[in-house]
Structures are given as C-alpha cells and as structure tokens.
Amino acid sequence: MSNAANKLTAIAVLAALASASCTSEAERRAAAAEQLRQQAETLVAAGSYDDAMSLLDSIDNGYREQTAVRRNAMATRAAAIEARSLQQIGPAEQHMAAAQLRADSLAALFVHIDGPRGLEGYSVAKDIARQDVTRDGGIQPRLDSDGYLSIAAVVKGKKIGLNSISITTQAGTQQVEPVSGERSIVSEGAELTSFRQEEVAHLLEALEAADGTPVKIHLDGTKGSVEVKLTPALRAALVRSWQYAMAQQQLRAAKLERERLERTLLTARNHRANAPLPSQGDE
C-alpha cells in the first residue's frame, strides 16, 4: 500500500473511532470498516485503483467479522478492477499492434521449408534459403511453427563429437553448454546436432550486438573444433532469425495479455452487476 493509502487508512480509522466513542466495540469496528470502504470508493473515483484495492484488502484482513461491510465492498472492488482493466487495455492494444507490425515485416524475409515425411517443416531466412546444411556443413537457423528458434549444426568429413557452438566477438568468447551426445546424429560421414533457442540465445544476442564488427563462429566437440564460414548472408540470417523469433514470441505474449485483460474486465463487470449495492447491506 502506498504512503497516501496508509495515511488515508489511519485517518479513516481514527475518524470512525472518534465518532463512535460512546458505542460498543463491535459498532466501532463496523464504523471503521465502513469508513475504509467509503475511502476506497473515493480512491476509485480518483483513479487510484491500486490504493483502493489495498484498502479493500485491509478490510478483508482486519475486519473479517464485518460481513455486511465486506459484502458491500464487493461492488467497490469490482469497480476498481473494471476501471484498472480499462486503463490497461489501451496500452496493451498498442503494444500488440507494434508487435504485429514487427512480426509481419520480418515474416516477408523468410520462406517455409517442408520437412521430410512425418516431420514438421520450418522457416528459414531468404538469404540462405538455398543452403543445404546437411550437404555442405555449417549452421542454419530455423524457426518452427510456433516461432521458436533452433540452429542445425553439421560437421562434414570428420568426427569431432559435435556438442557445442561458440562465438567470438570483440567482447569475448561465449559458448553453448555442451549437450548430450545422444542429441547428435551421424550419417554418411557427417555429424548433425540441433541446438534449442534457450541454448543459443546468448550467442545470438552477442552476434546482434557485434553489429558489423569481426565475428568468428566455431562448432565444438569432444575431439576438436571446426570454424564456420560466416558469410554476410549467413550472418544476416542469424540476426534476422533471432529478431523474428523474438517478434513472434512478443506478439504471442501481447495477445495473451490482451485476452487476459478482456477476461478480467468481463469478470469484474459480472461481479459488479451481481454485487449488492452499499445501500442494500445490513445495518
């Protein structure tokens, strides 16, 4: 609760107690609780929704026996939640629109690749759409249908026990935590390992931050290391793939938040419509 709400609570309680000095303890507590409820209504009208909710919580926590006041406070709480939700929906919609624009603009830079029979396809940046990483070796960033990134890494012609990727920029070297050898596939003289988004995120962030300065990428294993030929096209594809993955995930989060606010608003309105008015409460 904010300092302002704390002061209002203290004033409300003191005023209620002073006005009820000749009444019973139960009546004094009822008056104090009602004073808090009325103050919460004032805060809602002033747009101080969090402070209003804090006052209502203090009634629930400190005056549990005051069922009439707490019942009357239901409408006040619903009004606070409704108003706060309406206040938050506008910025949430703006955030969602910006995320949608970002995702749509990046989507134009990618193409969908059908997976082998029985396997899901993926999207790759147009810069490297013709690259056959399983044939030529190297790395290829891919995005699944949910917008999550992975990097397919292939070493051709030698066995290094491929289990990691490292990147060296002017800021230093960062490496993927070595993964289990069970993740690696060996076929026709090539080793292939797929690294998940959470495993390579720090590498892609470092690459994006490098912003045109020299960068080296290596495929690392238990028996050696191989440098990846980092062409301008591959470098751009890696950065764009990371940005596109982030844009899609931010858009998904923005949509979920917008839906949450809508549900909260609907629930608050239903509660407000069904809650007893203060005048209907027990005296």
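Given the structure is predicted, the values throughout are model-derived calculations rather than measurements.
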Within the distance-only criterion (no hydrogens, no angle test), does the side chain of [X] pair as donor or acceptor with the backbone N or O of [Y] below 3.5 angstrom?
| X | Y | result |
| --- | --- | --- |
| Thr42 | Gln38 | yes |
| Ser180 | Arg183 | no |
| Glu191 | Gly161 | yes |
| Arg102 | Gln248 | no |
| Ser164 | Val176 | yes |
| Gln175 | Ser166 | no |

Taking C-beta and beyond as the side chain, do [X] and [Y] meet within less than 4.5 Å on heavy atoms?
| X | Y | result |
| --- | --- | --- |
| Arg260 | Gln88 | yes |
| Arg77 | Met74 | no |
| Asp60 | Arg70 | yes |

Would you compute the distance between atom [atom1] of [X] and atom [atom2] of [Y] and round it to the nearest 0.5 angstrom?
| X | Y | atom1 | atom2 | result |
| --- | --- | --- | --- | --- |
| Asp211 | Gln170 | CG | CD | 10.5 Å |
| Ser241 | Gln140 | OG | CD | 8.5 Å |
| Ile160 | Lys223 | CD1 | NZ | 10.5 Å |
| Ile128 | Arg235 | CD1 | CZ | 14.5 Å |

Fill in: Residue pairs, two or more places apart or on separate chains, that pass side-chain hydrogen bond (donor to acceptor under 3.5 Å, both in side chains) and touch residues 145-162
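Matches after skipping sequence neighbours: Glu120-Ser145.
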
Discussion item. I need the single residue from Leu234, Val228, Thr168 that forms a side-chain contact (heavy atoms from CB on, under 4.5 Å) with Ile217. Which is it?
Written reply: Val228

Item to complete: Could you walk me through whether Arg130 and Asp136 pass the salt bridge (Lys or Arg N to Asp or Glu O under 4.0 Å) test, one step at a time?
Response: CA-CA 11 Å; Arg130 296 183 179 181; Asp136 303 327; over 6 Å; no

Practice prompt. Please confirm whether Arg142 makes a cation-pi placement over Tyr122, using NZ or CZ under 6.0 Å from the six-membered ring centre and within 45° of the ring normal.
Written response: yes

Worksheet item: Is the closest basic N to carboxylate O distance between Glu259 and Lys255 below 4.0 Å?
Response: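 No, Glu259 and Lys255 are not salt-bridged.
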
Response to the item:
Smallest heavy-atom separation, Gly221 atom then Asn163 atom, equals CA-OD1, 3.5 Å

